[in-house]
Amino acid sequence: MRLTKAFQPTLKEVPAEAQIASHRLMLRAGLVRQTSSGIYAWLPAGLRVLRNIEQIVREEQDAIGAQEVLMPTLQSAELWRRSGRYDAYGPEMLRIQDRHGRDLLYGPTNEEMITDIFGSSVKSYKELPKALYHIQWKFRDEVRPRFGVMRGREFLMKDAYSFDASYEGAVASYRRMMLSYLRIFQRLGVRAVPMVADTGPIGGDLSHEFLVLAPTGESGVFFDAALEEQDWLSRPVDCDDAESLATFFSTVTDHYAATDEKHDEAEWAKVPDERKREGRGIEVGHIFYFGTKYTASMGIEVSGPDGAPFHPHMGSYGVGVSRLVGAIIEASHDDAGIIWPASVAPYRAAILNLRQGDEACDAICDRIYGTDPENMLYDDRSERAGVKFNDADLMGHPWQIIVGPRGAKEGKVELKQRATGERFELSVEDALAKIGAA
RNA sequence: CGGGCAGUAGCGCAGCCUGGUAGCGCACCAGUCUGGGGGACUGGGGGUCGUGGGUUCGAAUCCCGCCUGCCCGACCA
């Protein structure tokens with residue numbers, strides 16, 4: 001994308017309403033604009049980040065056999081009356097009426113809907129297990145929205161639901177999901193540590209929150225360093241084999257990890273000092289098993305091998321997609337701006353033409369840009385060098401390809417890596433090779 | 001939901017106390033110079049002062065209501 005053609009409004013000054021780093025940077029870098037309290041419009045660069053995150057989530061959910069669906073944002077109150085949650089949910093649920101006076105709601109989550117859809121179609125244990133997910137906007141009417149997209153009222157969430165014939169099957173589904181989540185967060189370039197969470201009335205140990213480590217996180221976290229040193233992507237796990245899943249699962253649960261709410265000093269003391277990690281975290285994912293809560297309350301049954309009907313066991317699994325944009329920035333920025341992990345960056349590189357109109361500079365920039373116009377942001381404005389440097393740092397592209405008149409005469413460009421600040425003087429070919437472009 | 005603060009140009013703010021023709025910086029437009037970390041000069045454009053009412057000869061300014069946004073706390077993916 002050429003910057004002169006792009007809708008890419010950056011701000012020099014910080015809007016007064018933004019307090020925390022990610023919110024300020026998202027506004028300044030032109031990723032989002034607030035339209036109401038807790039509600040945001042996504043501008044082109046922000047949308048690209050959102051889509052990149054979605055895509056990684058999709059690939060890793062598909063990899064464990066989950067299938068994507070898309071359910072509506074508006075739901076019928078009838079559905080929620082069947083589960084008993086229409087009255088139980090409280091004022092966080094946004095309730096509306098259509099022209100006929102029928103009660104609707106903007107979905108805060110989709111257990112009821114997916115259970116209904118599943119139950120009306122699946123009638124036999126032979127069709128289990130099944131896992132379905134969708135990536136859709138949710139609305140929860142928070143009392144006090146804040147921190148930009150990290151605690152908005154409208155937010156984009158990936159939510160998945162598993163259906164199994166037995167508790168054992170549900171446990172396997174849960175473990176597959178945990179693996180998928182660990183891989184998702186690793187690919188997103190953030191460290192997210194799974195921590196045991198409250199399971200509510202269901203009991204057991206089958207609920208985990210995933211927290212991205214960032215100094216501004218809302219929860220204190222204590223965990224064993226082993227949990228952030230694992231490479232989940234290269235770890236071989238057979239998702240169809242309960243043994244393999246159990247082995248994987250124990251590598252997570254054998255190590256201490258807890259938020260301040262669940263922190264246990266006695267257990268913490270058993271962790272060797274050199275492996276103790278303390279900090280703060282932002283919750284970006286939550287998985288839990290809740291048995292037959294919805295299948296029972298909504299009367300969903302399938303036939304078992306003996307012909308007798310039973311309520312399938314369910315689990316639900318959420319990733320805060322829009323919240324992650326903020327969380328990633330909280331975890332990865334400096335005074336100058338955002339430092340995007342390559343996997344989610346809106347563009348892989350920015351091309352900074354320091355002398356727009358100079359024949360040599362223009363020619364080199366055009367050549368570089370032509371290799372991958374979709375994934376490069378070409379700053380072809382007639383701005384001064386300083387403006388381009390600052391905007392590129394602010395927007396946080398992993399690489400900056402700096403083309404100035406001095407180097408251009410010799411066919412050289414300067415490559416700057418945003419994360420490290422390292423600079424390399426290279427030929428065009430070498431620079432392209434280094435950033436992995438064609 | 002308790003407590004606090006704020007709405008004046010796209011953004012950041014002053015003006016309000018003490019009523020009298022709405023200002024500053026940045027951004028924007030035109031031009032000249034400049035050209036490797038938000039440059040300089042000259043000349044421009046842009047505002048229902050959140051909103052409704054009241055007081056007054058006269059309200060951004062004083063009074064009352066409402067709306068919106070933000071912060072702290074409680075709550076929360």
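This is a predicted model, so every value here is computed, not measured. Throughout, a chain's letter reflects where its sequence line sits, starting with A, and its residues are numbered from 1.
Two rings, from A/Y347 and A/W340, have their centers 6.0 Å or more apart.
Relative to the ring axis of A/F155, A/R140 does not place its NZ or CZ within 45° and under 6.0 Å from the centre.
Contact annotation for A/R153: no contact, since no heavy-atom pair falls under 4.0 Å across all strands. In this structure, A/L354 reaches the bases: a heavy-atom distance under 4.0 Å links it to at least one base atom across the strands shown. As judged by a 4.0 angstrom heavy-atom cut-off over every strand, A/G152 is placed among the base-contacting residues. Nucleic acid contact class of A/G404 (heavy atoms, under 4.0 Å, all strands): base. A/T109 comes within contact range of no nucleotide atom at all, as no heavy-atom separation falls under 4.0 Å. Contacts of A/Q19 with the nucleic acid, taken as non-hydrogen atoms under 4.0 Å apart, involve only primed sugar atoms and P, OP1 or OP2. Using a 4.0 Å heavy-atom cutoff across all strands shown, A/D391 reaches at least one base atom of the nucleic acid.
In this structure B/C5 sits in a base pair with B/G69, meeting the Watson-Crick or G-U test at under 3.5 Å. The partner of B/A14, taking Watson-Crick or G-U wobble pairs whose two distances both stay under 3.5 Å, does not exist in any strand shown. Using the Watson-Crick or G-U wobble rule with both distances under 3.5 Å, B/G31 pairs with B/C41.
For the residue pair A/P194 and A/A192, the shortest heavy atom distance occurs at CD-O, 3.8 Å.
Side-chain N/O atoms of A/R144 and base N/O atoms of B/G69 include no donor-acceptor pair closer than 3.5 Å. Between the side chain of A/E414 and the base of B/G36, at least one donor-acceptor pair of N or O atoms lies under 3.5 Å. Remark: the A/R151 side chain and the B/C75 base include a donor-acceptor N/O pair separated by less than 3.5 Å.
B/C57 sits 47 Å from B/C28 when the P atoms are compared, rounded to a whole Å. Distance noted for atom C1' between B/C17 and B/U61: 9 Å (whole Å). Between B/C72 and B/A77, the distance separating the two C1' atoms is 22 Å to the nearest Å. Taking atom P in both B/G37 and B/U51, the straight-line distance is 44 Å, to the nearest Å. For B/U8 and B/G50, the C1' atoms lie 10 Å apart once the distance is rounded to whole Å. Nucleotides B/A6 and B/C62 have their P atoms positioned 12 Å apart, rounded to a whole Å. Nucleotides B/A22 and B/G46 have their P atoms positioned 15 Å apart, rounded to a whole Å.
Proximity of A/W268 to A/E278: side-chain heavy atoms (C-beta onward) are separated by under 4.5 Å at one or more points.
Using a cutoff of 4.0 Å between basic side-chain nitrogens and carboxylate oxygens, A/K412 and A/E425 are not scored as salt-bridged. Using a 4.0 Å cut-off between charged nitrogen and carboxylate oxygen, A/E68 and A/R58 count as a salt-bridge pair.
To the nearest angstrom, C1' of B/A74 lies 15 Å from CD of A/E218. What separates CZ of A/F147 from P of B/C75 is a distance of 14 Å, to the nearest Å.
Mapped onto RNA chain B by nearest heavy atom, A/V284 and A/R423 fall at different nucleotides, with A/R423 at the one closer to the 5' end.
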Polar atoms only, N or O, under 3.5 Å: list the protein pairs with nucleotides 22-25 of chain B and their distances.
unit_1	atom_1	unit_2	atom_2	d
B/G25	N2	A/E13	OE1	2.7

